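What follows is a single structure, written as structure tokens, with notes after it.
FYI, the numbering just counts along the sequence from 1. What you are looking at is a predicted structure, and each value in this text was computed from that prediction instead of being measured.
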Amino acid sequence: MYVVRPVEIADIAALEALAAVTMPGVHTLPKTREKIAASVERSIASFAAHVDIPSEESYLFVLESLLDKSIAGTAAIFASAGSNGTYFSFRNDVIQQVSRDLNISHSVHALTLCSELTAYSQLSGFYVRNMEQAGLEAALLSRARLLFAVLAPHRFGDRFFVPLAGITDANGQSPFWDALGRKFFQMDFLDAEKVIGGARNRTLIVELMPHYPVYVPLLPGDAQAAMGQIHPSGELAFNLLTEEGFEADDYIDIFDGGPILQAHKNSLRSFTGSLTRRVVAGVTPSRTGLKVHYAIASGAERNFRAVTFTCDALEGQDTVGLPAELLEALAVAEGDSVICVRI
């Protein structure tokens with residue numbers, strides 16, 4: 001069994017060990033000890049902050065095994081994309097070209113550098129150890145960030161987006177980057193990602209990236225084919241997010257061309273399908289034999305916790321009976337309220 005909780009200083013070494021694993025499908029996770037420590041400290045400060053409106057806060061969560069207290073995964077959510085700056089992406093545009101002299105009119109697919117996602121709340125840095133074998137714990141980790149937003153809505157915006165890593169080859173090179181970004185940055189994909197630390201808000205992006213529309217038909221075929229496609233290791237994250245209610249829209253990542261998924265909170269299951277139930281101690285005997293998997297969360301600020309639990313459907317009940325180990329993991333007692341959502 002697992003619990004998702006806010007990161008702590010004591011988790012830095014474990015996160016460093018996770019980051020040491022090759023993760024070609026995760027470009028938003030800090031890789032060095034210095035950057036990991038900085039993100040942990042920033043998260044702790046964000047959870048402790050009194051927030052009226054979403055701003056520069058970022059919240060980092062870890063997936064902890066209740067059995068041996070090991071860290072099996074991590075995920076983050078930013079209150080406002082851009083971190084006190086501007087979040088850049090490419091917008092898929094269709095440009096109408098007209099020649100009256102030749103009596104020609106046609107549409108051209110183009111990419112335009114834009115900052116329209118700035119101030120949306122952003123999910124990022126999702127990673128689970130042994131993703132290929134991951135089960136309910138992966139769904140719990142992905143959804144926990146949104147359950148925190150349900151419990152603390154004042155900390156986030158109404159719209160959310162998630163950038164997913166795009167196609168790269170066995171050497172970590174991106175055909176989309178090679179066709180476009182490399183020409184302006186004069187460095188390969190991995191070096192550029194290292195320089196920018198996975199961020200999409202650095203001044204050097206707007207200094208180097210083209211400000212004019214880029215005509216897609218002029219890009220090589222492999223670059224066009226990579227647009228909007230996710231890295232194979234991102235399939236798990238993609239499936240979990242689309243089940244939640246996210247959809248691919250008009251934007252792609254400016255570095256590797258990966259898709260950017262969006263949703264209004266009123267389209268997300270964590271917001272529309274969550275139930276508030278009163279806790280009772282002890283597992284309630286099944287009356288139907290039809291078990292449902294739930295993510296259960298408690299605590300709106302620094303004491304946020306989330307676990308999975310399997311029980312009868314809660315829609316027709318006022319309470320949820322939890323075993324002692326989950327009461328402890330959630331830091332709740334009989335009579336407290338928790339939110340529950342199907343996973």
Side-chain angles (χ1 to χ4, degrees), residues 1-5 7 14-15 17-31 59-66 70-78 121-149 160-170 172 174 176 193 198 226-249 251-253 255-263 267-270 273 292-297 306-310 341-343:
M1 298 182 71
Y2 295 86
V3 61
V4 173
R5 59 167 175 78
V7 72
L15 291 176
L18 281 182
V21 179
T22 301
M23 296 180 287
V26 185
H27 62 63
T28 52
L29 191 67
K31 301 292 196 299
Y59 306 93
L60 182 60
F61 300 87
V62 293
L63 177 70
E64 181 182 59
S65 169
L66 292 177
S70 64
I71 301 302
T74 182
I77 183 170
F78 294 87
S121 293
Q122 176 191 352
L123 281 66
S124 72
F126 172 79
Y127 179 71
V128 179
R129 189 174 58 202
N130 301 323
M131 275 200 185
E132 296 79 7
Q133 290 81 41
L136 287 178
E137 71 273 18
L140 172 67
L141 178 62
S142 179
R143 176 157 288 144
R145 300 168 290 182
L146 293 169
L147 292 178
F148 178 66
F160 296 80
F161 77 91
V162 193
L164 296 177
I167 296 295
T168 52
D169 63 20
S174 160
F176 183 80
E193 281 283 29
M227 289 174 48
Q229 302 301 307
I230 62 171
H231 193 280
S233 64
E235 289 286 349
L236 174 61
F238 175 79
N239 292 336
L240 291 172
L241 291 165
T242 53
E243 289 170 6
E244 175 68 41
F246 282 92
E247 296 179 346
D249 207 336
Y251 304 92
I252 63 172
D253 186 76
F255 271 35
D256 59 23
I260 295 177
L261 311 184
Q262 287 189 70
S267 300
L268 297 175
R269 285 175 53 191
S270 291
V292 179
H293 300 302
Y294 286 93
I296 300 181
V307 298
T308 59
F309 184 58
T310 303
V341 65
R342 295 189 181 214
I343 58 173

**Q.** Side-chain touch Ile230/Glu235, heavy atoms, less than 4.5 angstrom
**A.** yes
Q) Shortest non-hydrogen contact from Leu140 to Tyr2? A) CD2-O, 4.0 Å
(Q) What's the separation between atom CZ in Arg143 and atom CG in Leu136, rounded to the nearest 0.5 Å? (A) 10.5 Å
**Q.** Rounded distance (nearest 0.5 Å) linking atom CZ of Phe78 with atom CG of Leu60
**A.** 8.5 Å
Q. Are the side chain of Asp253 and the backbone of Gly258 linked by a donor-acceptor contact shorter than 3.5 Å?
A. no
Q: Nearest 0.5 Å please: distance from the CD atom of Glu244 over to the CG atom of Asn239.
A: 13.5 Å
Q) In chain order, what residues pass the ring pair (Phe, Tyr, Trp, His ring centres under 6.0 Å) check against Phe148, with sequence neighbours excluded? A) Phe47, Tyr59, Phe61, Phe156, Phe304
Q: Evaluate the criterion side-chain contact (heavy atoms from CB on, under 4.5 Å) for residue pair Phe255 and Ser174; output intermediate values, then yes/no.
A: CA-CA 8 Å; Phe255 271 35; Ser174 160; over 6 Å; no
(Q) Can you see whether Thr308 engages Glu137 through a side-chain donor-acceptor pair at a distance of less than 3.5 angstrom? (A) no
**Q.** side-chain contact (heavy atoms from CB on, under 4.5 Å) between Phe160 and Ile77, worked out
**A.** CA-CA 9 Å; Phe160 296 80; Ile77 183 170; 3.9 Å; yes
(Q) Before you tell me yes or no, could you show the steps for Arg129 and Leu18 under side-chain contact (heavy atoms from CB on, under 4.5 Å), namely the whole-Å CA-CA distance, both residues' side-chain angles and the distance that decides it to 0.1 Å? (A) CA-CA 7 Å; Arg129 189 174 58 202; Leu18 281 182; 4.3 Å; yes
Q. Within a strict 4.5 Å, meaning less than it, do heavy atoms of the Leu268 and Phe246 side chains meet?
A. yes
Q) Would you find more than 12 non-hydrogen atoms of other residues, nucleotides or ligands less than 6.0 Å from Glu247 atom CD? A) no
Q. Can you find a heavy atom in the side chain of Leu240 that is under 4.5 Å from one in the side chain of Phe126?
A. yes
Q: List for me each residue that meets side-chain contact (heavy atoms from CB on, under 4.5 Å) alongside Gln262, sequence neighbours excluded, and say none if there are none.
A: Leu117, Tyr120, Arg159, Phe161, Asp249, Tyr251
(Q) So, using side-chain contact (heavy atoms from CB on, under 4.5 Å) as the criterion, who are the partners of Arg5 when residues are at least two apart? (A) Glu8, Asp11, Val62, Glu64, Ile71, Arg305
Q | Minimal non-hydrogen separation, Leu241 against Ser142, with atom names | A | CD2-OG, 4.2 Å
Q | Closest approach of Ala295 to Ile343 (non-hydrogen atoms, all atoms of both residues) | A | CB-CG2, 3.7 Å
Q. Can you find a pair of side-chain heavy atoms, one from Phe238 and one from Leu261, that are under 4.5 Å apart?
A. yes
Q: Please tell me if the side chains of Pro163 and Gln122 come closer than 4.5 Å, counting only heavy atoms from C-beta onward.
A: yes
Q) Considering all heavy atoms of both residues, which atom of Leu164 and which atom of Ala237 are nearest to each other, and what is their separation? A) CD2-CB, 4.3 Å
**Q.** Closest heavy-atom pair and its distance - Arg145, Ala76
**A.** CD-O, 3.1 Å
Q) Which value, rounded to the nearest 0.5 Å, describes the distance between Leu63 atom CG and Thr74 atom OG1? A) 9.0 Å
Q) side-chain contact (heavy atoms from CB on, under 4.5 Å) with Val341: which of Leu147, Ile296, Leu146? A) Leu147
